[in-house]
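The structure appears right after this line, and notes come after that.
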Protein chains: 2
Amino acid sequence: MAQPRRGAKQPPVKWLTASELESWLSIVRLLTWLPWSIDQQLHRDSKLSMVEYQVLAMLSDNPDRTMRMSALAEVTNASLSRLSHVVERLERRGFVRRAPDRTDGRFTKAILTDVGFETLAAAAPGHVRHLRSLVIDVLSPEQLRRLGRDAAHIMARIESSGTS
Amino acid sequence: MAQPRRGAKQPPVKWLTASELESWLSIVRLLTWLPWSIDQQLHRDSKLSMVEYQVLAMLSDNPDRTMRMSALAEVTNASLSRLSHVVERLERRGFVRRAPDRTDGRFTKAILTDVGFETLAAAAPGHVRHLRSLVIDVLSPEQLRRLGRDAAHIMARIESSGTS
DNA sequence: CGTTCAAGCTTGAAGTGTCAAGTGAACCGT
DNA sequence: ACGGTTCACTTGACACTTCAAGCTTGAACG
(Lines give C-alpha, C1' and ligand atoms only; values in the text may rest on other atoms or scores of the structure.)
Protein backbone atom coordinates (compact mmCIF):
# COMPACT_ATOMS: atom_id res chain seq x y z
CA MET A 1 0.00 0.00 0.00
CA ALA A 2 0.98 3.59 -0.18
CA GLN A 3 3.84 4.59 2.01
CA PRO A 4 3.56 7.74 4.09
CA ARG A 5 4.57 10.62 1.89
CA ARG A 6 7.08 12.32 4.11
CA GLY A 7 8.68 12.22 7.46
CA ALA A 8 9.73 8.58 7.74
CA LYS A 9 13.38 8.60 8.60
CA GLN A 10 15.16 6.46 6.01
CA PRO A 11 14.46 2.94 7.22
CA PRO A 12 16.13 -0.15 5.80
CA VAL A 13 13.02 -0.89 3.76
CA LYS A 14 12.76 -0.95 0.02
CA TRP A 15 9.40 0.67 -0.67
CA LEU A 16 7.30 -0.68 -3.46
CA THR A 17 7.87 0.72 -6.91
CA ALA A 18 4.88 2.12 -8.74
CA SER A 19 4.64 -1.04 -10.81
CA GLU A 20 4.91 -3.33 -7.80
CA LEU A 21 2.28 -1.33 -5.99
CA GLU A 22 -0.07 -1.52 -8.93
CA SER A 23 0.29 -5.29 -9.16
CA TRP A 24 -0.15 -5.65 -5.44
CA LEU A 25 -3.30 -3.56 -5.40
CA SER A 26 -4.71 -5.74 -8.16
CA ILE A 27 -3.93 -8.79 -6.12
CA VAL A 28 -5.56 -7.33 -3.04
CA ARG A 29 -8.67 -6.59 -5.01
CA LEU A 30 -8.76 -10.18 -6.12
CA LEU A 31 -8.18 -11.47 -2.61
CA THR A 32 -11.17 -9.46 -1.51
CA TRP A 33 -13.66 -9.94 -4.27
CA LEU A 34 -13.11 -13.43 -5.60
CA PRO A 35 -14.05 -15.17 -2.35
CA TRP A 36 -16.93 -12.74 -2.04
CA SER A 37 -18.25 -13.55 -5.49
CA ILE A 38 -18.01 -17.27 -4.92
CA ASP A 39 -19.80 -16.98 -1.60
CA GLN A 40 -22.51 -14.90 -3.21
CA GLN A 41 -23.23 -17.42 -5.92
CA LEU A 42 -23.18 -20.36 -3.54
CA HIS A 43 -25.37 -18.65 -1.03
CA ARG A 44 -27.84 -17.37 -3.59
CA ASP A 45 -28.23 -20.67 -5.40
CA SER A 46 -27.67 -23.20 -2.65
CA LYS A 47 -27.68 -21.49 0.74
CA LEU A 48 -24.14 -22.63 1.33
CA SER A 49 -20.99 -20.74 2.20
CA MET A 50 -17.73 -21.67 0.57
CA VAL A 51 -16.40 -23.48 3.64
CA GLU A 52 -19.59 -25.43 3.88
CA TYR A 53 -19.35 -26.39 0.24
CA GLN A 54 -15.74 -27.41 0.69
CA VAL A 55 -16.61 -29.56 3.67
CA LEU A 56 -19.34 -31.37 1.77
CA ALA A 57 -17.15 -31.70 -1.32
CA MET A 58 -14.19 -33.07 0.53
CA LEU A 59 -16.33 -35.57 2.40
CA SER A 60 -17.99 -36.70 -0.81
CA ASP A 61 -14.58 -37.43 -2.26
CA ASN A 62 -13.99 -40.21 0.21
CA PRO A 63 -15.28 -43.71 -0.47
CA ASP A 64 -17.17 -43.84 2.81
CA ARG A 65 -18.00 -40.13 2.75
CA THR A 66 -16.21 -39.83 6.03
CA MET A 67 -13.25 -37.90 7.29
CA ARG A 68 -11.66 -37.14 10.61
CA MET A 69 -12.26 -33.60 11.76
CA SER A 70 -8.57 -32.77 11.82
CA ALA A 71 -8.00 -34.05 8.30
CA LEU A 72 -11.05 -32.17 7.14
CA ALA A 73 -9.79 -28.99 8.77
CA GLU A 74 -6.53 -29.39 6.92
CA VAL A 75 -8.00 -29.77 3.44
CA THR A 76 -10.56 -27.04 3.89
CA ASN A 77 -8.01 -24.52 5.18
CA ALA A 78 -9.99 -24.09 8.37
CA SER A 79 -8.91 -24.08 11.97
CA LEU A 80 -10.20 -26.94 14.03
CA SER A 81 -12.30 -24.53 15.98
CA ARG A 82 -13.85 -23.00 12.93
CA LEU A 83 -14.51 -26.41 11.42
CA SER A 84 -16.15 -27.51 14.63
CA HIS A 85 -18.60 -24.61 14.39
CA VAL A 86 -19.19 -25.17 10.69
CA VAL A 87 -19.87 -28.87 11.13
CA GLU A 88 -22.17 -28.13 14.01
CA ARG A 89 -24.25 -25.93 11.71
CA LEU A 90 -24.19 -28.51 8.94
CA GLU A 91 -25.21 -31.12 11.46
CA ARG A 92 -28.18 -29.04 12.53
CA ARG A 93 -29.21 -28.88 8.88
CA GLY A 94 -28.88 -32.62 8.56
CA PHE A 95 -26.09 -32.58 5.97
CA VAL A 96 -23.45 -34.16 8.14
CA ARG A 97 -23.33 -36.22 11.28
CA ARG A 98 -20.52 -36.94 13.69
CA ALA A 99 -19.39 -40.14 15.34
CA PRO A 100 -16.42 -40.95 17.54
CA ASP A 101 -13.72 -43.00 15.88
CA ARG A 102 -13.91 -46.45 17.41
CA THR A 103 -10.23 -47.16 16.87
CA ASP A 104 -9.15 -44.04 18.73
CA GLY A 105 -11.59 -42.18 20.87
CA ARG A 106 -9.81 -38.90 20.44
CA PHE A 107 -10.81 -38.62 16.81
CA THR A 108 -14.21 -37.56 15.63
CA LYS A 109 -15.41 -38.64 12.24
CA ALA A 110 -17.56 -36.33 10.15
CA ILE A 111 -19.92 -38.24 7.90
CA LEU A 112 -21.79 -36.90 4.90
CA THR A 113 -25.46 -37.84 5.03
CA ASP A 114 -27.57 -38.63 1.98
CA VAL A 115 -29.30 -35.29 2.32
CA GLY A 116 -25.92 -33.63 2.45
CA PHE A 117 -24.83 -35.47 -0.65
CA GLU A 118 -27.95 -34.47 -2.54
CA THR A 119 -27.39 -30.88 -1.51
CA LEU A 120 -23.84 -30.99 -2.75
CA ALA A 121 -24.86 -32.64 -6.00
CA ALA A 122 -27.40 -29.89 -6.55
CA ALA A 123 -24.93 -27.14 -5.75
CA ALA A 124 -21.93 -28.43 -7.66
CA PRO A 125 -22.86 -27.66 -11.26
CA GLY A 126 -23.66 -24.03 -10.55
CA HIS A 127 -20.52 -23.62 -8.51
CA VAL A 128 -18.30 -25.14 -11.17
CA ARG A 129 -19.93 -23.09 -13.89
CA HIS A 130 -19.33 -19.98 -11.86
CA LEU A 131 -15.71 -20.92 -11.25
CA ARG A 132 -15.17 -21.53 -14.91
CA SER A 133 -16.71 -18.27 -15.93
CA LEU A 134 -14.71 -16.24 -13.41
CA VAL A 135 -11.36 -17.95 -13.35
CA ILE A 136 -10.73 -21.17 -15.16
CA ASP A 137 -12.01 -20.28 -18.60
CA VAL A 138 -10.76 -16.72 -18.39
CA LEU A 139 -7.14 -17.80 -18.41
CA SER A 140 -5.33 -20.00 -20.87
CA PRO A 141 -4.29 -23.40 -19.54
CA GLU A 142 -0.72 -22.13 -19.22
CA GLN A 143 -1.79 -19.01 -17.44
CA LEU A 144 -3.84 -21.06 -15.02
CA ARG A 145 -0.99 -23.44 -14.36
CA ARG A 146 1.36 -20.54 -13.80
CA LEU A 147 -1.09 -18.91 -11.47
CA GLY A 148 -1.39 -22.13 -9.53
CA ARG A 149 2.37 -22.45 -9.34
CA ASP A 150 2.83 -18.86 -8.23
CA ALA A 151 0.21 -19.41 -5.57
CA ALA A 152 1.99 -22.52 -4.37
CA HIS A 153 5.25 -20.63 -4.36
CA ILE A 154 3.84 -17.87 -2.20
CA MET A 155 2.21 -20.44 0.06
CA ALA A 156 5.59 -22.04 0.61
CA ARG A 157 6.93 -18.70 1.83
CA ILE A 158 3.95 -18.23 4.09
CA GLU A 159 4.42 -21.63 5.61
CA SER A 160 8.13 -21.18 6.13
CA SER A 161 7.54 -17.82 7.77
CA GLY A 162 5.68 -20.07 10.19
CA THR A 163 3.55 -17.93 12.41
CA SER A 164 2.11 -21.11 13.85
CA MET B 1 -13.72 -28.61 -5.77
CA ALA B 2 -14.32 -32.27 -6.09
CA GLN B 3 -17.41 -33.18 -7.93
CA PRO B 4 -19.76 -35.81 -6.51
CA ARG B 5 -18.46 -39.16 -7.57
CA ARG B 6 -21.60 -40.69 -8.96
CA GLY B 7 -25.24 -40.09 -9.43
CA ALA B 8 -25.35 -36.63 -10.97
CA LYS B 9 -27.37 -36.92 -14.14
CA GLN B 10 -25.17 -35.57 -16.95
CA PRO B 11 -25.55 -31.82 -16.63
CA PRO B 12 -24.24 -29.35 -19.19
CA VAL B 13 -21.23 -28.68 -17.01
CA LYS B 14 -17.61 -29.28 -17.88
CA TRP B 15 -16.10 -30.57 -14.65
CA LEU B 16 -12.63 -29.48 -13.80
CA THR B 17 -9.75 -31.54 -15.11
CA ALA B 18 -7.24 -32.84 -12.62
CA SER B 19 -4.82 -30.10 -13.58
CA GLU B 20 -7.41 -27.37 -13.35
CA LEU B 21 -8.52 -28.65 -9.98
CA GLU B 22 -4.98 -28.70 -8.71
CA SER B 23 -4.38 -25.11 -9.79
CA TRP B 24 -7.67 -24.04 -8.30
CA LEU B 25 -6.97 -25.65 -4.97
CA SER B 26 -3.63 -23.84 -4.88
CA ILE B 27 -5.41 -20.60 -5.54
CA VAL B 28 -7.95 -21.26 -2.82
CA ARG B 29 -5.17 -21.93 -0.37
CA LEU B 30 -3.65 -18.62 -1.27
CA LEU B 31 -6.95 -16.80 -0.99
CA THR B 32 -7.27 -18.19 2.50
CA TRP B 33 -3.81 -17.90 3.91
CA LEU B 34 -2.28 -14.79 2.37
CA PRO B 35 -4.81 -12.40 3.92
CA TRP B 36 -4.47 -14.33 7.14
CA SER B 37 -0.71 -13.99 7.20
CA ILE B 38 -0.84 -10.28 6.46
CA ASP B 39 -3.39 -9.73 9.19
CA GLN B 40 -1.25 -11.69 11.62
CA GLN B 41 1.84 -9.61 11.00
CA LEU B 42 -0.02 -6.32 11.15
CA HIS B 43 -1.86 -7.24 14.27
CA ARG B 44 1.16 -8.63 16.04
CA ASP B 45 3.41 -5.68 15.26
CA SER B 46 0.98 -2.80 15.09
CA LYS B 47 -2.41 -3.84 16.46
CA LEU B 48 -3.98 -3.10 13.10
CA SER B 49 -6.07 -5.20 10.78
CA MET B 50 -5.50 -5.04 7.07
CA VAL B 51 -8.58 -2.88 6.41
CA GLU B 52 -7.49 -0.51 9.12
CA TYR B 53 -4.05 -0.28 7.60
CA GLN B 54 -5.51 0.33 4.19
CA VAL B 55 -7.74 3.08 5.50
CA LEU B 56 -4.82 4.86 7.14
CA ALA B 57 -2.60 4.32 4.10
CA MET B 58 -5.15 5.60 1.63
CA LEU B 59 -5.86 8.66 3.73
CA SER B 60 -2.16 9.40 4.10
CA ASP B 61 -1.83 9.39 0.36
CA ASN B 62 -3.97 12.49 0.03
CA PRO B 63 -2.45 15.95 0.37
CA ASP B 64 -4.89 16.92 3.11
CA ARG B 65 -5.04 13.40 4.58
CA THR B 66 -8.74 13.47 3.95
CA MET B 67 -11.15 11.43 1.92
CA ARG B 68 -14.88 11.08 1.57
CA MET B 69 -16.22 7.92 3.14
CA SER B 70 -17.61 6.65 -0.12
CA ALA B 71 -14.33 7.16 -1.97
CA LEU B 72 -12.47 5.51 0.87
CA ALA B 73 -14.83 2.56 0.78
CA GLU B 74 -14.12 2.17 -2.91
CA VAL B 75 -10.33 2.12 -2.65
CA THR B 76 -10.27 -0.13 0.39
CA ASN B 77 -12.62 -2.68 -1.14
CA ALA B 78 -15.02 -2.26 1.74
CA SER B 79 -18.75 -1.76 1.84
CA LEU B 80 -19.88 1.58 3.16
CA SER B 81 -21.32 -0.14 6.16
CA ARG B 82 -18.14 -1.98 6.95
CA LEU B 83 -16.09 1.16 6.47
CA SER B 84 -18.37 3.04 8.78
CA HIS B 85 -17.75 0.51 11.54
CA VAL B 86 -14.01 0.44 10.87
CA VAL B 87 -13.71 4.21 10.94
CA GLU B 88 -15.73 4.32 14.12
CA ARG B 89 -13.18 2.04 15.77
CA LEU B 90 -10.27 4.04 14.38
CA GLU B 91 -11.93 7.18 15.62
CA ARG B 92 -12.25 5.75 19.11
CA ARG B 93 -8.52 5.06 19.00
CA GLY B 94 -7.84 8.60 17.89
CA PHE B 95 -6.35 7.71 14.50
CA VAL B 96 -9.04 9.31 12.41
CA ARG B 97 -11.75 11.87 12.88
CA ARG B 98 -14.85 12.62 10.86
CA ALA B 99 -16.33 15.87 9.71
CA PRO B 100 -19.28 16.63 7.47
CA ASP B 101 -18.35 18.02 4.09
CA ARG B 102 -19.24 21.68 4.19
CA THR B 103 -19.86 21.88 0.47
CA ASP B 104 -22.35 19.02 0.52
CA GLY B 105 -23.77 17.86 3.80
CA ARG B 106 -24.41 14.37 2.52
CA PHE B 107 -20.75 13.56 2.41
CA THR B 108 -18.65 12.74 5.43
CA LYS B 109 -14.94 13.32 5.31
CA ALA B 110 -12.59 10.98 7.11
CA ILE B 111 -9.45 12.76 8.27
CA LEU B 112 -6.21 11.16 9.37
CA THR B 113 -4.98 12.60 12.65
CA ASP B 114 -1.35 13.08 13.54
CA VAL B 115 -1.53 10.13 15.88
CA GLY B 116 -2.99 8.07 13.06
CA PHE B 117 -0.22 9.16 10.75
CA GLU B 118 2.45 8.25 13.29
CA THR B 119 0.85 4.88 13.75
CA LEU B 120 0.85 4.27 10.03
CA ALA B 121 4.44 5.44 9.70
CA ALA B 122 5.42 3.01 12.43
CA ALA B 123 3.50 0.14 10.87
CA ALA B 124 4.46 0.63 7.25
CA PRO B 125 8.05 -0.64 7.20
CA GLY B 126 7.17 -3.94 8.82
CA HIS B 127 4.19 -4.39 6.58
CA VAL B 128 6.16 -3.69 3.41
CA ARG B 129 8.96 -5.96 4.52
CA HIS B 130 6.46 -8.72 5.13
CA LEU B 131 4.82 -8.17 1.75
CA ARG B 132 8.16 -8.30 0.03
CA SER B 133 9.19 -11.47 1.77
CA LEU B 134 5.93 -13.25 1.02
CA VAL B 135 4.99 -12.01 -2.41
CA ILE B 136 6.89 -9.28 -4.13
CA ASP B 137 10.42 -10.59 -3.80
CA VAL B 138 9.36 -14.19 -4.27
CA LEU B 139 8.35 -13.62 -7.85
CA SER B 140 10.33 -12.14 -10.69
CA PRO B 141 9.19 -8.73 -11.86
CA GLU B 142 7.54 -10.35 -14.89
CA GLN B 143 5.83 -12.95 -12.77
CA LEU B 144 4.50 -10.25 -10.51
CA ARG B 145 3.27 -8.16 -13.41
CA ARG B 146 1.59 -11.20 -14.94
CA LEU B 147 0.01 -12.07 -11.62
CA GLY B 148 -1.30 -8.53 -11.33
CA ARG B 149 -2.66 -8.67 -14.85
CA ASP B 150 -4.31 -12.04 -14.32
CA ALA B 151 -5.89 -10.68 -11.16
CA ALA B 152 -7.19 -7.65 -13.02
CA HIS B 153 -8.49 -9.93 -15.74
CA ILE B 154 -10.43 -12.04 -13.26
CA MET B 155 -11.67 -8.91 -11.52
CA ALA B 156 -13.09 -7.69 -14.79
CA ARG B 157 -15.09 -10.90 -15.08
CA ILE B 158 -16.31 -10.58 -11.54
CA GLU B 159 -17.44 -7.04 -12.11
CA SER B 160 -19.21 -7.86 -15.34
CA SER B 161 -20.99 -10.78 -13.69
CA GLY B 162 -22.32 -7.92 -11.58
CA THR B 163 -24.01 -9.37 -8.56
CA SER B 164 -24.58 -5.86 -7.28
C1' DC C 1 -42.22 26.23 -1.77
C1' DG C 2 -43.51 21.48 -1.16
C1' DT C 3 -43.18 16.86 -2.33
C1' DT C 4 -40.78 13.17 -3.84
C1' DC C 5 -36.61 10.91 -4.84
C1' DA C 6 -31.96 9.39 -4.50
C1' DA C 7 -27.43 9.52 -2.45
C1' DG C 8 -24.38 9.08 1.50
C1' DC C 9 -23.86 7.48 5.63
C1' DT C 10 -25.16 5.29 10.27
C1' DT C 11 -27.15 1.96 13.21
C1' DG C 12 -28.49 -2.50 15.48
C1' DA C 13 -29.24 -7.22 15.16
C1' DA C 14 -27.93 -11.53 13.42
C1' DG C 15 -24.40 -14.45 11.67
C1' DT C 16 -19.71 -16.02 11.48
C1' DG C 17 -14.88 -16.29 12.88
C1' DT C 18 -11.28 -16.26 16.38
C1' DC C 19 -9.12 -16.91 20.64
C1' DA C 20 -8.39 -18.98 25.01
C1' DA C 21 -9.76 -22.15 28.11
C1' DG C 22 -11.75 -26.65 28.96
C1' DT C 23 -12.71 -31.77 28.32
C1' DG C 24 -11.68 -36.35 27.69
C1' DA C 25 -8.97 -39.99 25.45
C1' DA C 26 -4.55 -42.13 24.51
C1' DC C 27 0.32 -42.34 25.29
C1' DC C 28 4.61 -42.61 28.03
C1' DG C 29 7.75 -43.12 31.69
C1' DT C 30 8.46 -45.01 36.00
C1' DA D 1 -0.95 -48.86 37.19
C1' DC D 2 -0.96 -44.18 37.78
C1' DG D 3 0.41 -39.31 36.94
C1' DG D 4 1.61 -36.23 33.70
C1' DT D 5 1.50 -34.85 28.90
C1' DT D 6 -0.10 -34.52 24.46
C1' DC D 7 -3.68 -34.81 21.09
C1' DA D 8 -8.31 -34.02 19.10
C1' DC D 9 -11.82 -31.60 19.64
C1' DT D 10 -15.55 -28.44 21.87
C1' DT D 11 -17.20 -24.51 24.01
C1' DG D 12 -18.28 -19.67 25.13
C1' DA D 13 -17.13 -15.04 24.95
C1' DC D 14 -15.84 -11.56 22.17
C1' DA D 15 -14.84 -9.14 17.67
C1' DC D 16 -15.89 -8.26 13.18
C1' DT D 17 -18.92 -8.41 8.95
C1' DT D 18 -23.18 -8.21 6.78
C1' DC D 19 -27.82 -7.12 6.05
C1' DA D 20 -31.75 -4.51 6.35
C1' DA D 21 -33.69 -0.42 8.00
C1' DG D 22 -33.36 4.31 9.08
C1' DC D 23 -31.78 9.14 8.95
C1' DT D 24 -30.29 13.32 6.80
C1' DT D 25 -29.10 16.13 3.02
C1' DG D 26 -29.47 17.84 -1.54
C1' DA D 27 -31.71 17.55 -6.28
C1' DA D 28 -35.66 17.42 -9.39
C1' DC D 29 -40.02 18.49 -10.51
C1' DG D 30 -44.35 20.64 -10.26
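Labels below follow one simple rule: chain letters A, B, ... track the order of the sequence lines, proteins then strands, and each chain is numbered from 1.
Remark: Arg82(B) is in phosphate contact with dT17(D), judged by side-chain N or O atoms under 4.0 Å from OP1 or OP2. Side-chain N/O atoms of Gln40(A) include none lying less than 4.0 angstrom from OP1 or OP2 on dT18(D). Contact annotation: Arg106(B) does not reach the phosphate of dC5(C) (side-chain N/O to OP1 or OP2, under 4.0 Å). Remark: Ser79(A) is not in phosphate contact with dC19(C), judged by side-chain N or O atoms under 4.0 Å from OP1 or OP2.
For Asp101(B) and dA7(C), the CG to P distance is 18 Å, given to the nearest whole Å. A straight line from CE of Met69(A) to C1' of dA8(D) spans 10 Å, rounded to a whole angstrom. His43(B) has its NE2 atom 11 Å from the C1' atom of dC16(D), to the nearest Å. To the nearest angstrom, P of dC9(D) lies 9 Å from CG of Leu83(A). Rounded to an integer number of Å, the gap from Leu72(B) CG to dG8(C) P is 14 Å. For Asp104(B) and dT24(D), the CG to P distance is 16 Å, given to the nearest whole Å. What separates CZ of Phe107(A) from C1' of dT10(D) is a distance of 16 Å, to the nearest Å. Rounded to a whole Å, the NZ atom of Lys109(A) is 17 Å from the P atom of dA25(C).
With rounding to the nearest 0.5 angstrom, the CG atom of Leu34(B) is 5.5 Å from the CG atom of Leu31(A). The structure places CH2 of Trp15(B) at 11.5 Å from CG of Leu21(B), a figure rounded to the nearest 0.5 Å. A distance of 9.0 Å separates CH2 of Trp33(A) from CD of Gln40(A), quoted to the nearest 0.5 Å. Atom-to-atom distance recorded for Phe95(B):CZ and Glu52(B):CD is 8.5 Å, nearest 0.5 angstrom.
Following chains of ILVMFWY side-chain contacts shorter than 4.5 Å, one cannot reach Phe117(B) starting from Ile111(B), and the two form parts of different hydrophobic clusters.
Ionic pairing of Lys109(B) and Asp101(B) is not present here: no N-O contact between side-chain nitrogen and carboxylate oxygen is shorter than 4.0 angstrom. Between Asp114(A) and Arg65(A), at least one side-chain N (NZ, or NE/NH1/NH2) sits under 4.0 Å from a carboxylate O, which counts as a salt bridge.
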Tabulated below should be each protein N or O lying under 3.5 Å from an N or O of nucleotides 11-15 of chain C; please produce it.
from    : atom 1 : to       : atom 2 : distance (Å)
dT11(C) : O4     : Ser81(B) : OG     : 3.1
dG12(C) : O6     : His85(B) : NE2    : 3.0

